[in-house]
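Residues: numbered from 1 along the sequence shown. Please read these numbers as outputs of a predicted model, since none were measured by experiment.
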Amino acid sequence: MKNLLLASAALGVISAPAFAADAVIYDPAPTAPIVASVYDWSGAYIGIQGGYVWTDLEFPAGFGLADENFDGGTLGAHVGLNAQNGNLVYGVEADINYTWNENEYVLFGDTYEVGTDWSGSLRGRLGYAFDRTMIYGTAGLAITNGFVEGPGVDESETLTGYTVGAGVEHAFTDMISARVEYRYSDYGSDDFGLGLGDFDVNEHAVRVGVSFKF
């Protein structure tokens, strides 16, 4: 009996490493990766903007006058719609602005006030988004109201042309974003009913704006 117990104990010692080698240790379930949220620029928005405008007036040939510049502040509103595909953001935007840029000129001994007051545009936008920051270009139709006032003259004309520009926009919250934008607008030419030839009008503008997405 004593020999049988010793043999059983020896067999148990010999078998233990084998059972240990066969033991399976299960790792806990892997943690799901954390995916950072990416801002979605898609949707409609409305906003306000303001800035400064530099307008260039080219007199008709034969006046003997150099090009004139008149500038002033501008304030307006915009509305638009964006769609997004990957990092590309594309859409359409319209805006309307009032501008305080006028000047006085002496022609043939008389003083005339010349300027533009309101302007607007309908443009396409194409941007590249880095999450909440987007750089974009824009181009489209531009209109403005130019006027000439003086002795016996009170003319106002709507000028139509094109506008191109670029900007950068950042979304501070899911609903509010801010932008800085530069645009060049060429409004073509008009004689303003003076019968003196066509005056060419173009404009440089820098604006900052805030948009509210809904």
**Q.** Donor-acceptor contact present, side-chain Trp41 to main-chain Asp131, <3.5 Å
**A.** yes

Q: Let me see the working for Arg125 and Val92 under side chain to side chain contact (heavy atoms under 4.5 Å, CB included), right down to the final yes or no.
A: CA-CA 6 Å; Arg125 292 207 314 166; Val92 62; over 6 Å; no

Q: Answer whether the closest heavy-atom distance between the side chains of Trp118 and Thr144 falls below 4.5 Å.
A: no

Q) Are Val206 and Tyr184 grouped together when hydrophobic residues (ILVMFWY) are joined by side-chain heavy atoms under 4.5 angstrom apart? A) yes

Q | Check: Asn101/Glu203 side-chain N/O donor and acceptor closer than 3.5 Å | A | no

Q. When you measure from the side chain of His170 to the backbone N and O of Arg132, does any donor-acceptor pair fall under 3.5 Å?
A. yes

Q. Roughly how far, to the nearest 0.5 Å, is OG of Ser185 from CG of Leu141?
A. 10.0 Å

Q.
Any side-chain to backbone donor/acceptor pair from Glu149 onto Asp154? Under 3.5 Å, distance only.
A. no

Q | Shortest non-hydrogen separation from Leu122 to Ala94 and the atoms involved | A | CD1-CB, 4.0 Å

Q. Below 4.5 Å, heavy atoms only, C-beta onward: do Tyr187 and Ser119 meet side chain to side chain?
A. yes

Q) Where do Gly72 and Thr99 come nearest, in terms of heavy atoms and distance? A) O-CG2, 4.5 Å

Q | No-hydrogen, no-angle side-chain donor-acceptor test under 3.5 Å, Thr163 and Arg183 | A | yes

**Q.** Chi angles and distances behind the ring pair (Phe, Tyr, Trp, His ring centres under 6.0 Å) call for Phe212, Phe214
**A.** CA-CA 7 Å; Phe212 305 87; Phe214 55 91; 9.8 Å; no

Q.
Quick one, Val210 with Ile176, criterion side chain to side chain contact (heavy atoms under 4.5 Å, CB included). Give me CA distance, side-chain angles, the key distance, then yes/no.
A. CA-CA 7 Å; Val210 178; Ile176 300 176; 4.0 Å; yes

Q: Consider only side-chain N and O atoms of Asn145 and Asp117, and report whether a donor and an acceptor are under 3.5 Å apart.
A: yes

Q) How long is the gap from CG on Leu57 to CZ on Phe70, to the nearest 0.5 Å? A) 5.0 Å

Q) Are Leu81 and Tyr39 co-members of a hydrophobic cluster defined by side-chain heavy atoms under 4.5 Å apart? A) no

(Q) Quick one about Tyr45 and Glu93 (side-chain donor to acceptor, distance below 3.5 Å, no hydrogens or angles considered), yes or no? (A) yes

Q. Linking I/L/V/M/F/W/Y whenever their side-chain heavy atoms sit closer than 4.5 Å, directly or via other members, would Val79 and Ile48 fall into one cluster?
A. no

Q. Just by modelled atom types, is the Val53 backbone N or O under 3.5 Å from a matching donor or acceptor in the Thr74 side chain?
A. no

(Q) Could you check whether any side-chain heavy atom of Val168 comes within less than 4.5 Å of a side-chain heavy atom of Thr133, counting everything from C-beta outward? (A) yes

Q) Is there a chain of hydrophobic side chains (I, L, V, M, F, W, Y, each step under 4.5 Å between heavy atoms) that links Tyr52 to Tyr182? A) yes

Q) Just checking, any donor-acceptor pair under 3.5 angstrom between side chains of Asn202 and Asp200? A) no

Q) Donor-acceptor pair, Glu169 side chain versus Ala171 backbone, under 3.5 Å? A) no

Q: Please examine the side chains of Ser177 and Lys213, heavy atoms only from C-beta on, and report whether any two atoms are closer than 4.5 Å.
A: no

Q. Can you check whether Phe147 reaches Glu157 side chain to side chain, under 4.5 Å on heavy atoms?
A. no

Q: Would you check if the side chain of Asn87 reaches a backbone N or O of Ala129 as a donor-acceptor pair within less than 3.5 Å?
A: yes

**Q.** Any donor-acceptor pair under 3.5 Å from Ser121 side chain to Arg123 backbone
**A.** no

Q) Are any non-hydrogen side-chain atoms of Thr55 and Val201 less than 4.5 angstrom apart? A) yes

Q. How about Pro151 and Asp110: do any of their side-chain heavy atoms sit closer than 4.5 Å?
A. yes

**Q.** Heavy-atom check, side chain of Asp71 versus side chain of Asn69, under 4.5 Å
**A.** no

Q | Glu104 and Thr111 side chains, donor-acceptor separation under 3.5 Å | A | no

Q: Flag yes if Tyr136 and Leu88 sit in one hydrophobic cluster, no otherwise; membership is Ile, Leu, Val, Met, Phe, Trp, Tyr, and two members link when side-chain heavy atoms are under 4.5 Å apart.
A: no

Q) Run the side chain to side chain contact (heavy atoms under 4.5 Å, CB included) check on His78 and Glu181 step by step: do they pass? A) CA-CA 13 Å; His78 59 264; Glu181 181 181 278; over 6 Å; no

